[in-house]
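Just below is one structure, and these are the notes that go with it.
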Amino acid sequence: MNTEYKPQSVESKWQKIWQDSNIFGVSQENDKPKYYLLEMFPYPSGRIHMGHVRNYTIGDVVARYKTMAGFNVLHPMGWDAFGMPAENAAIASKIHPKKWTYENIDYMRAQLRKMGFSYDWDREIATCAPEYYKWEQLFFIQMYNKGLVYKSRAFLNWCDQCKTVLANEQVVEGQCWRCGSQVFLKEHDQWFFRITAYAQELLDDIEKLKDGWPERVLNMQKNWIGRSTGTLIRFQIEGTSEDIEVFTTRPDTLHGATFMSLAPEHPLIKTLPTGTGQEREVSDFVASTLQVDTFTRTSDLYEKEGVFTGRYCINPLTGFRMPIYVANFVLYDYGTGAVMAVPSHDQRDFDFAKKYGLEIIVVIQPEGETLDPKTMECAYEGEGVLVNSKEFNGMKNTDAMEAITKHLEAINRGSATVNFRLRDWGISRQRYWGAPIPMVYCEKCGTVPVDVKDLPVLLPENVELTGTGISPIAQIESFVNTTCPVCGGKAKRESDTMDTFVESSWYFMRYCSPHSNDKPFDRNEVQYWMPVDQYIGGIEHAILHLLYARFYTKVLRDLGYIGFDEPFQRLLTQGMVIKDGAKMSKSKGNVVDPEELISNYGADATRLFCLFAAPPEKDMDWSDKGIEGSYRFLSRLWRLVLDMKEQLISTDVSSERPPKSMEPLKRKTHQTIKKVSEDIEKRFRFNTAIAAMMELVNDLYRAKETARTPEEFSVIREAVQNLLVMLSPFVPHIAEELWDALGNREMLFRFSWPDYDPSWCEEQEATIAVQVNGKLRATITVTRDSEQKAVEARALSEANVKRFLQDSDIKKVIYVPNKIINIIAAAR
RNA sequence: GCCCGAGUGGCGGAAUUGGUAGACGCAAGGGACUUAAAAUCCCUCGGAACUCAGUUCUGUACCGGUUCGAGUCCGGUCUCGGGCACCA
């Protein structure tokens, strides 16, 4: 055999064998425990990038390890195939999105195969296939019937670059998460998923994920859901029977509420000023405020401004005539879009009152201090005792919160409530390449869902893509014009498509029965495989995808499809791949192409370096020199095994006691099995597992120099065999090849993960650090588990120890067996 | 402002329960082999000092504490990263 390591031929050989024998196919099975390992599926953008390589390599190690450790492992792969890049490519180069997408899928599938990943390709799905999105349309209709889907006209985030609205989760620092351009508010008709109905459960169930999810992600979700408890208060508008509703966390300050602030988007703004002479001023203010993008408008530095609407509302406790303002800092999105202003105890309201000369009434006095509205320079937001609050005077403000809320309930002016920051999920997209929303507008019957038996509503293929902002399918008469499923009369179809995050909210269930064609999935199969035991993906989905998927799982449960609450038991968020101090990106010109790495160094070396360079959850620094090191290691392994091939084949692993000369190697072998098993199983620390195997290789090189007898080679064979088994999840091709070269018949992937012999893990001797007063003075080697007396005697006989004990009395000796002996002494 | 992380050689990173700080790898320097180079193999590699086979001092962002013993625990400070934030 040629002794030079040439990964390309080895890798393609084994990839073909794996593919031809369908070795990675799995089915429901009862004698092994199941394990569902999932990596976030990719968008088929054209080529895989280093982020994919890292993510999927980590997953593949776990999948292969778990298989060898005796689990029935589901490890599927598919494509998050709807989305805007396909459409943009179509506009730019006149390729149909469908063709573009499927060509990309073919190319990327081949790339993933070249990496040697152990996917069950029979389960591959693409979310743009009607067989997939059909079920999503069914869920939509069932959710609609249950009141979990509704349509509403609202001010929404609009990205002018992408020509579509965006969900709140998809706006990052006022910019579109995808293209980075400024997002504006625009009034739009939109379909919403009522995720807020699950806000409390999404928050509560975070408790169930504590053990398996990174705390960071759970915190982010908690912040995003943003629960706060407070009171809903109704203020009557003077001269009408209408109320303004307000949410406050400080009902204790209600007696000090002297004006009202409304968001510019508040519906009352359109009617309130009528007849007051303020109409013009208000509408000008609203128009100019709404032109400013939300991010700027809500930044700290933005000047707080407002305009009087000409109307008043009545403080329900004091009867105070509160002027109603429209103010640019009030968010329509949060609470009720209206804020009762208490300038004495809220800094923002204080500034506003000073600016417009509004009344300030102190209602909470801090201990040992008397606040005076005339001399106050800022609001007092701390605790204290109520004043100017009628029967509540003298009460501690913390107690008054409940007391005032109770009182409001009694006079029917308010109630205790819980408010969430989380908004309903707007899922309409004015784009072509997505799943059509299965609704119909009938002149007689109004908005009605498509009849379930007519699903799927197929996305028409004969479109012209222009990127003008109207849904392209709205212009296709044959699609839009339809008949009403209720009355059979003329009707028009909804022409918006669904947010692509809807597809990724349930794909992990479809993998369980990907070929089911009479229902979304088979309940038995989903119940067998789900929940996902280990999910792996990027931190950028901490809120977006992971929150939506949790929500959707709960919805499908309540629709009766499944019987569990959470989709992902454990989550690993892997770090980014960094080069030259920045995330790899085309614009920075620091992109490394995986395909080049595969052809230069092979898939195995690429995989190895991705795993070795950093622990998975940390960002990984790409290093061109580093991958050469990985390649060097594999070459070293290759030569090691093939150089000894003859001697190894002619001997067998023996259960006899090894020759003395080989005892250290046998010990190292079992220690390495233990270390590698624990690093994978308990810690997901592949870098230290690889380091341990490198050490074993280094030891094997030394052993190879001295070995002569078959008995000695037998121990080497034991080490090499186990090494190859352990390496196989990391570098599967070279491991299979060398395994085969040693004459093993069974394929490594089908081989069992090795057990270690605990008696061979322990060293015979222990190196003990000898300290005098906590400082290292010598190291001694003693037999394991030696008595303190013997160790102490040895320690005291060390010259350097004696030196430091001169003219001193020993006060105390601390002995930790096999580790350390510390002699505490004081000068005479 | 609130809530999380993280700070260790020239670099990526080890040190799992408080017990020899720097495993493994990269880079660098030296040597062997070679006509030469590549490849390979061996040695050195945190800093400083000295009486240099060795030994001492010092060192895990900074200041302090607990402990026989702290990278690890506690209190405080600084820096960096992340999330939320005019949130009523």
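In what follows, chains carry the letters A, B, and so on, assigned in the order in which the sequence lines appear, proteins first and then strands, with residues in each chain numbered from 1.
Taking the six-membered ring for Trp and thresholds of 30 and 60 degrees, F352(A) and Y356(A) have ring planes inclined between 30 and 60 degrees apart.
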Run the side chain to side chain donor-acceptor pair (under 3.5 Å) check on T289(A) and N328(A) step by step: do they pass? CA-CA 6 Å; T289(A) 305; N328(A) 61 2; 5.5 Å; no
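Of the P atoms belonging to rC74(B) and rU40(B), the separation is 47 Å, rounded to the nearest Å. Using atom P as the reference point in both rA28(B) and rA38(B), the two lie 12 Å apart (nearest Å). Between rU79(B) and rA85(B), the two C1' atoms lie 23 Å apart (nearest whole Å). The P atoms of rC62(B) and rG71(B) are separated by 11 Å, rounded to the nearest whole Å. Distance check on atom P: rU56(B) versus rU67(B) gives 27 Å, rounded to whole Å. If you take atom P in rC33(B) and the same atom in rC42(B), they sit 16 Å apart, rounded to whole Å. Of the C1' atoms belonging to rG7(B) and rU55(B), the separation is 33 Å, rounded to the nearest Å. Here, rG30(B) and rU35(B) have their C1' atoms 22 Å apart, quoted to the whole Å.
At whole-Å resolution of the value, CD in E381(A) and C1' in rC2(B) are 13 Å apart. Taking atom CE on M694(A) and atom C1' on rG12(B), their separation rounds to 12 Å, with Å as the unit. Whole-Å rounding puts the F329(A) CZ to rC87(B) P distance at 9 Å. The nearest whole Å value for the distance from the CD atom in E265(A) to the P atom in rC86(B) is 13 Å. Summarising the geometry, the separation between CG on D619(A) and P on rG7(B) is reported as 14 Å, rounded to the nearest angstrom.
For rG12(B), neither phosphate oxygen OP1 nor OP2 lies less than 4.0 angstrom from any side-chain nitrogen or oxygen of K579(A). OP1 or OP2 of rC41(B) lies within a sub-4.0 Å distance of a side-chain N or O belonging to R639(A). Not one side-chain nitrogen or oxygen of K625(A) sits closer than 4.0 Å to the OP1 or OP2 atom of rC11(B). Residue N687(A) has a polar side-chain atom (N or O) positioned under 4.0 Å from OP1 or OP2 of rA14(B). In terms of phosphate contacts, R636(A) brings no side-chain nitrogen or oxygen within less than 4.0 Å of OP1 or OP2 of rG25(B). Residue R348(A) places at least one side-chain N or O closer than 4.0 Å to OP1 or OP2 of rC87(B). For R632(A) and rA27(B), the shortest distance from a side-chain N or O to OP1 or OP2 is below 4.0 Å. Note on R683(A): a side-chain N or O is less than 4.0 Å away from OP1 or OP2 of rA15(B).
Along RNA chain B, the nucleotide nearest G626(A) and the nucleotide nearest R702(A) are compared for position; the residue whose nucleotide lies closer to the 5' end is G626(A).
R607(A) is not listed as a side-chain neighbour of F612(A), based on a closest heavy-atom distance of 4.5 Å or more.
Annotated as syn: rC52(B), whose O4'-C1'-N torsion sits within 90° of 0. With a glycosidic angle no more than 90° from 0, rG9(B) adopts the syn conformation.
Distance from the side chain of T688(A) is smallest for rA15(B) among the nucleotides rU20(B), rA15(B), rG13(B). Comparing rU16(B), rG25(B), rG19(B) by their nearest atom to the side chain of K675(A) picks out rU16(B). For A691(A), whose side chain is taken as the heavy atoms from C-beta onward, the closest listed nucleotide among rC84(B), rC24(B), rG12(B) is rC24(B). Distances from the side chain of I543(A) to the nucleotides rA88(B), rC84(B), rG82(B) place rC84(B) closest. Between rA88(B), rG82(B), rG12(B), one nucleotide has an atom nearer to the side chain of Y334(A) than all others, and that is rA88(B). Checking rG19(B), rA14(B), rC4(B) against every side-chain atom of P615(A), the shortest atom distance belongs to rA14(B). For N219(A), counting side-chain heavy atoms from C-beta on, the closest listed nucleotide (rA23(B), rC3(B), rA88(B)) is rC3(B). The side chain of K618(A) has rG13(B) as its nearest neighbour among rG19(B), rG13(B), rG83(B). Nearest nucleotide to the side chain of N328(A), out of rU20(B), rC86(B), rA85(B): rC86(B).
As judged by a 4.0 angstrom heavy-atom cut-off over every strand, R216(A) is placed among residues touching the sugar-phosphate backbone only. As judged by a 4.0 angstrom heavy-atom cut-off over every strand, I824(A) is placed among residues touching the sugar-phosphate backbone only. When heavy atoms are screened at a 4.0 angstrom cut-off, K775(A) is found touching the sugar-phosphate backbone but no base atom. Residue contacts for V330(A): at a heavy-atom cut-off of 4.0 Å it reaches a base atom on one of the strands shown. Across all strands shown, Q771(A) has heavy atoms under 4.0 Å from base atoms, whether or not it also approaches the sugar-phosphate. Among the protein residues, T779(A) comes within range of the nucleic acid bases, having at least one heavy atom under 4.0 Å from a base atom. Residue contacts for N698(A): at a heavy-atom cut-off of 4.0 Å it reaches the sugar-phosphate backbone alone, with no base atom in range. Contact annotation for T767(A): base contact, defined as any heavy-atom pair under 4.0 Å involving a base atom.
Open room surrounds NZ on K674(A); 12 or fewer heavy atoms of other groups in view lie less than 6.0 Å from it. Under a cut-off of 6.0 angstrom, the local environment of CD in E381(A) is crowded, with over 12 non-hydrogen atoms contributed by other residues, nucleotides or ligands. Atom CD of Q200(A) sits in a crowded spot, with more than 12 heavy atoms from other residues, nucleotides or ligands closer than 6.0 Å. Counting non-hydrogen atoms of other residues, nucleotides and ligands closer than 6.0 Å to NZ of K355(A) gives a total above 12.
Exactly one of Y601(A), F730(A), Y631(A), W622(A) qualifies for a ring-ring contact (aromatic ring centres under 6.0 Å, His included) with F609(A). That residue is W622(A). Between C313(A) and the choices R234(A), M322(A), M340(A), the side chain to side chain contact (heavy atoms under 4.5 Å, CB included) rule is met once, by M322(A).
Between the side chain of N800(A) and the main chain of R777(A), a donor-acceptor pair closer than 3.5 Å is present. Remark: side-chain polar atoms of S786(A) are not paired, donor with acceptor, to backbone N or O of V791(A) under 3.5 angstrom.
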Protein-nucleotides 50-56 of chain B N/O pairs closer than 3.5 Å?
unit_1	atom_1	unit_2	atom_2	d
rU55(B)	O3'	R803(A)	NH2	3.3
rU55(B)	O2'	R803(A)	NH2	3.1
rU56(B)	OP1	R777(A)	NH1	3.4
rU56(B)	OP1	N800(A)	ND2	2.7

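For N822(A) and rC68(B), a side-chain-to-base donor-acceptor distance below 3.5 Å is present, hydrogens and geometry of angles not being considered. Judged by distance alone with a 3.5 Å cut-off, a donor-acceptor contact links the side chain of K304(A) to the base of rC86(B).
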